[in-house]
S.K.: 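One structure coming up, written as structure tokens, with questions to follow.
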Amino acid sequence: MSIADRIFIDMCQDILENGTSTEGEKVRPKWEDGTLAYTIKKFGVINRYDLSKEFPVITLRKTGIKSCIDELLWIWQKKSNNIHELNSHIWDSWADENGSIGKAYGYQMSVKHQYKEGEMDQVDRVLYDLKNNPYSRRIMTNIYTFSDLHEMNLYPCAYSMTFNVTKKPNQDKLVLNGILNQRSQDVLTANNWNVCQYAALLHMFAQVCDMQVGELVHVIADAHIYDRHIPLVKELITRQTYDAPTFWMNPEVKDFYAFTPDDFRLDNYQTGAQIKIPVAV
């Protein structure tokens with residue numbers, strides 16, 4: 001069993017056994033047939049992944065590593081808010097007739113801000129500080145921009161990353177750690193997807209800044225399982241698990257903006273069967 005499997009199973013069991021229901025309450029999401037989508041939820045879920053031990057992908061079902069990294073690069077590298085620059089249909093439900101999701105996600109990463117060192121967007125500011133001021137306690141991004149919320153087709157779910165650098169005794173290389181803050185998460189649909197994305201981001205930033213990768217801490221304010229997902233989750237967490245695969249990232253890439261999804265691989269990745277998951281919008 002991978003460490004990620006254990007964390008995922010324990011989290012789902014905790015939500016199912018100790019969570020609270022929103023049934024009968026005023027909720028926004030609906031199923032495709034128009035029925036209100038209720039959840040069982042837990043507040044303040046915190047999971048820790050030591051990326052130096054293994055890559056945190058579950059084996060209960062397959063997580064498509066290239067697709068999730070493609071979406072991450074769409075936001076952090078392309079800094080795009082147009083689905084025509086994304087090689088999947090994840091965002092189709094939130095895009096307008098031109099393919100735009102509004103001033104959300106990648107758009108916020110593209111906005112330049114004035115600093116003492118010059119004008120930079122949030123991604124370039126992180127890279128600048130990791131290379132020039134790694135012990136800063138101010139290395140972070142935040143795309144939950146209140147003044148732009150009315151022009152976002154979906155408010156950011158994973159909205160903030162905080163980067164923190166440490167050092168192990170008797171080692172020269174610094175260690176890069178990160179905290180992913182998420183206001184809301186559909187656990188079945190998106191949990192491991194997001195974990196793999198931001199684990200890969202830490203690997204990328206560590207490599208281009210000549211650091212080792214450390215811990216990813218995932219903080220979820222509202223971790224929920226939708227009502228129509230409950231039987232799927234119950235079946236999923238009873239499945240056979242497998243050892244974690246070997247994560248490969250192209251060691252030749254030293255520029256964050258040069259990474260492509262083809263620079264990543266999960267070797268010996270054995271998983272359970274895929275399941276069809278209805279998505280509430």
S.K.: Distance check, rounded to the nearest 0.5 Å: E32 atom CD versus R228 atom CZ?
M.R.: 9.5 Å
S.K.: So that I know where these two stand, are Y144 and F146 an aromatic pair - ring centroids less than 6.0 Å apart?
M.R.: yes
S.K.: Spell out, as yes or no, whether a donor-acceptor pair under 3.5 Å connects the side chain of N81 to the backbone of G102.
M.R.: yes
S.K.: Regarding Q185 and N191, is there a side-chain donor-to-acceptor distance under 3.5 Å anywhere?
M.R.: yes
S.K.: Can you name the nearest heavy-atom pair linking P278 to L232, along with the distance?
M.R.: CD-CD1, 4.0 Å
S.K.: For the backbone of R48 and the side chain of E215, can you confirm whether one donor and one acceptor N or O come within less than 3.5 Å of each other?
M.R.: no
S.K.: Are V219 and V217 side-chain neighbours, meaning at least one heavy-atom pair lies under 4.5 Å?
M.R.: yes
S.K.: How about D129 and Y115: does a side-chain donor come under 3.5 Å of a side-chain acceptor?
M.R.: no
S.K.: Going by the side chain to side chain donor-acceptor pair (under 3.5 Å) test, name the single residue among D5, T271, T241 that passes it with T59.
M.R.: D5
S.K.: Given M204 and L73, is the side-chain contact (heavy atoms from CB on, under 4.5 Å) satisfied, shown in steps?
M.R.: CA-CA 11 Å; M204 285 185 262; L73 294 177; 4.0 Å; yes
S.K.: Under the side-chain contact (heavy atoms from CB on, under 4.5 Å) rule, what do I40 and T20 come out as? Steps first, then yes or no, please.
M.R.: CA-CA 5 Å; I40 297 177; T20 59; over 6 Å; no
S.K.: Report yes if some heavy atom in the side chain of I275 is under 4.5 Å from a heavy atom in the side chain of R61; otherwise report no.
M.R.: yes
S.K.: Compare every heavy atom of I58 with every heavy atom of A4, then report the nearest pair and how far apart it is.
M.R.: O-CG2, 3.8 Å
S.K.: Under a plain distance cut-off of 3.5 Å, with no hydrogens placed, do S100 and N98 share a side-chain donor-acceptor pair?
M.R.: no
S.K.: May I ask you to check whether H218 and Y49 place their ring centres under 6.0 Å from each other?
M.R.: no
S.K.: Hey, does the side chain of Q77 reach the backbone of F256 with a donor-acceptor pair shorter than 3.5 angstrom?
M.R.: yes
S.K.: Which value, rounded to the nearest 0.5 Å, describes the distance between F43 atom CZ and K41 atom NZ?
M.R.: 9.0 Å
S.K.: Would you say the side-chain atoms of E54 pair up with the backbone N or O of I3, donor to acceptor, closer than 3.5 Å?
M.R.: yes
S.K.: For the residue pair T63 and N192, confirm or rule out a side-chain donor-acceptor distance under 3.5 Å.
M.R.: yes
S.K.: Could you tell me whether the side chain of V253 reaches within less than 4.5 Å of the side chain of Q207, counting heavy atoms only?
M.R.: yes
S.K.: Other residues, nucleotides and ligands only: do more than 12 of their heavy atoms fall within 6.0 Å of NE2 on H89?
M.R.: no
S.K.: Taking D70 for its side chain and N87 for its backbone only, find out whether a donor-acceptor pair lies under 3.5 Å.
M.R.: yes
S.K.: Is any side-chain heavy atom of Y257 less than 4.5 Å from a side-chain heavy atom of V123?
M.R.: yes
S.K.: Please set out all donor-acceptor pairs under 3.5 angstrom arising from side-chain atoms of residues 157-174, sequence neighbours excluded.
M.R.:
{"from": "S160", "atom 1": "OG", "to": "T141", "atom 2": "O", "distance (Å)": "3.0"}
{"from": "T166", "atom 1": "OG1", "to": "N177", "atom 2": "ND2", "distance (Å)": "3.1"}
{"from": "Q171", "atom 1": "OE1", "to": "Q212", "atom 2": "NE2", "distance (Å)": "2.7"}
{"from": "K173", "atom 1": "NZ", "to": "D210", "atom 2": "OD1", "distance (Å)": "3.2"}

S.K.: Rounded to the nearest 0.5 Å, what's the gap from NZ on K42 to CD1 on I225? Could you check?
M.R.: 11.0 Å
S.K.: Is it the case that the side chains of D148 and T145 hold a donor-acceptor pair, with the cut-off being a distance below 3.5 Å and no angle test?
M.R.: no
S.K.: Hey, are the side chains of I179 and N181 touching, using non-hydrogen atoms and a 4.5 Å cut-off?
M.R.: yes
S.K.: For W91 and Y105, I'd like to know if the aromatic rings sit close, meaning centre-to-centre distance below 6.0 Å.
M.R.: yes
S.K.: Do the side chains of S110 and D121 get nearer than 4.5 Å, heavy atoms only?
M.R.: no
S.K.: Between V195 and L60, is there a shared hydrophobic cluster once you connect ILVMFWY residues whose side-chain heavy atoms come closer than 4.5 Å?
M.R.: no
S.K.: List the steps, then state whether side-chain contact (heavy atoms from CB on, under 4.5 Å) holds for H224 with V187.
M.R.: CA-CA 6 Å; H224 52 265; V187 166; 5.9 Å; no
S.K.: What are the two closest non-hydrogen atoms of K103 and Q108, and how far apart are they?
M.R.: O-NE2, 2.9 Å
S.K.: Verify the cluster assignment for L86 and I101: are they in a single hydrophobic cluster under the rule of side-chain heavy atoms below 4.5 Å apart?
M.R.: yes
S.K.: Grab the two heavy atoms, one from I220 and one from S184, that are nearest each other, plus how far apart they are.
M.R.: CG2-C, 4.5 Å
S.K.: Check R6 with D10, please: is the shortest side-chain N to carboxylate O separation under 4.0 Å?
M.R.: yes
S.K.: Are Y269 and Y242, when compared by the centres of their aromatic rings, separated by less than 6.0 Å?
M.R.: no
S.K.: Answer yes or no: is there a donor N or O on one side and an acceptor on the other, between the side chain of K254 and the main chain of V208, under 3.5 Å?
M.R.: no
S.K.: Minimum heavy-atom separation for D263 and W248, please, with both atom names.
M.R.: O-CZ3, 3.5 Å
S.K.: Without hydrogens or angle criteria, can the side chains of D14 and N18 be said to hold a donor-acceptor pair below 3.5 Å?
M.R.: yes
S.K.: Applying the 4.5 Å side-chain criterion to the ILVMFWY set and letting contacts propagate, would V111 and L149 be lumped into a single cluster?
M.R.: no
S.K.: Within this structure, what is the NZ-CD distance for the pair K62 and Q270, rounded to the nearest 0.5 Å?
M.R.: 12.5 Å
S.K.: Mind checking the CG-CH2 spacing from L188 to W193? Nearest 0.5 Å is all I need.
M.R.: 13.5 Å
S.K.: Counting only heavy atoms from other residues, nucleotides and ligands, does the tally under 6.0 Å from CD of E151 exceed 12?
M.R.: yes
S.K.: Hey, any chance M11 and I237 share a hydrophobic cluster, counting ILVMFWY side chains that come within less than 4.5 Å of each other, even indirectly?
M.R.: yes
S.K.: Here's a test for you: under side chain to side chain contact (heavy atoms under 4.5 Å, CB included), which of L130, L51, V213 qualifies with L176?
M.R.: L130
S.K.: Taking the side chain from R183 and the backbone from Y155, do they hold a donor-acceptor pair closer than 3.5 Å?
M.R.: yes
S.K.: Apart from Y38 itself, which Ile, Leu, Val, Met, Phe, Trp or Tyr residues share its cluster (side-chain heavy atoms under 4.5 Å, direct or through members)?
M.R.: V27, L36
S.K.: My understanding is that only one of D186, V233, T189 makes a side chain to side chain contact (heavy atoms under 4.5 Å, CB included) with I277; could you say which?
M.R.: T189
S.K.: Please work out whether the ring planes of W76 and F205 are parallel, tilted or perpendicular, with thresholds of 30° and 60°.
M.R.: perpendicular
S.K.: Assess, by modelled atom type and distance only, whether the side chains of Q197 and E71 contain a donor and an acceptor separated by less than 3.5 Å.
M.R.: yes
S.K.: Same cluster or not: Y198 versus I90, using hydrophobic residues (I, L, V, M, F, W, Y) connected whenever any side-chain heavy atoms lie under 4.5 Å apart?
M.R.: yes
S.K.: Report yes if some heavy atom in the side chain of L236 is under 4.5 Å from a heavy atom in the side chain of F8; otherwise report no.
M.R.: yes
S.K.: Any carboxylate oxygen within less than 4.0 angstrom of a Lys/Arg side-chain nitrogen, looking at E119 and K112?
M.R.: no
S.K.: Going by heavy atoms in the side chains, are F55 and I65 under 4.5 Å from each other?
M.R.: yes
S.K.: With rounding to the nearest 0.5 angstrom, report the CG to OG distance, L72 to S67.
M.R.: 12.5 Å
S.K.: Closest heavy-atom contact between C209 and K131?
M.R.: SG-CG, 3.8 Å
S.K.: When you check the side-chain N and O atoms of S80 and N82, is any donor under 3.5 Å from an acceptor?
M.R.: no
S.K.: Apply side-chain contact (heavy atoms from CB on, under 4.5 Å) to V281 and W31, showing your working.
M.R.: CA-CA 7 Å; V281 177; W31 297 110; over 6 Å; no
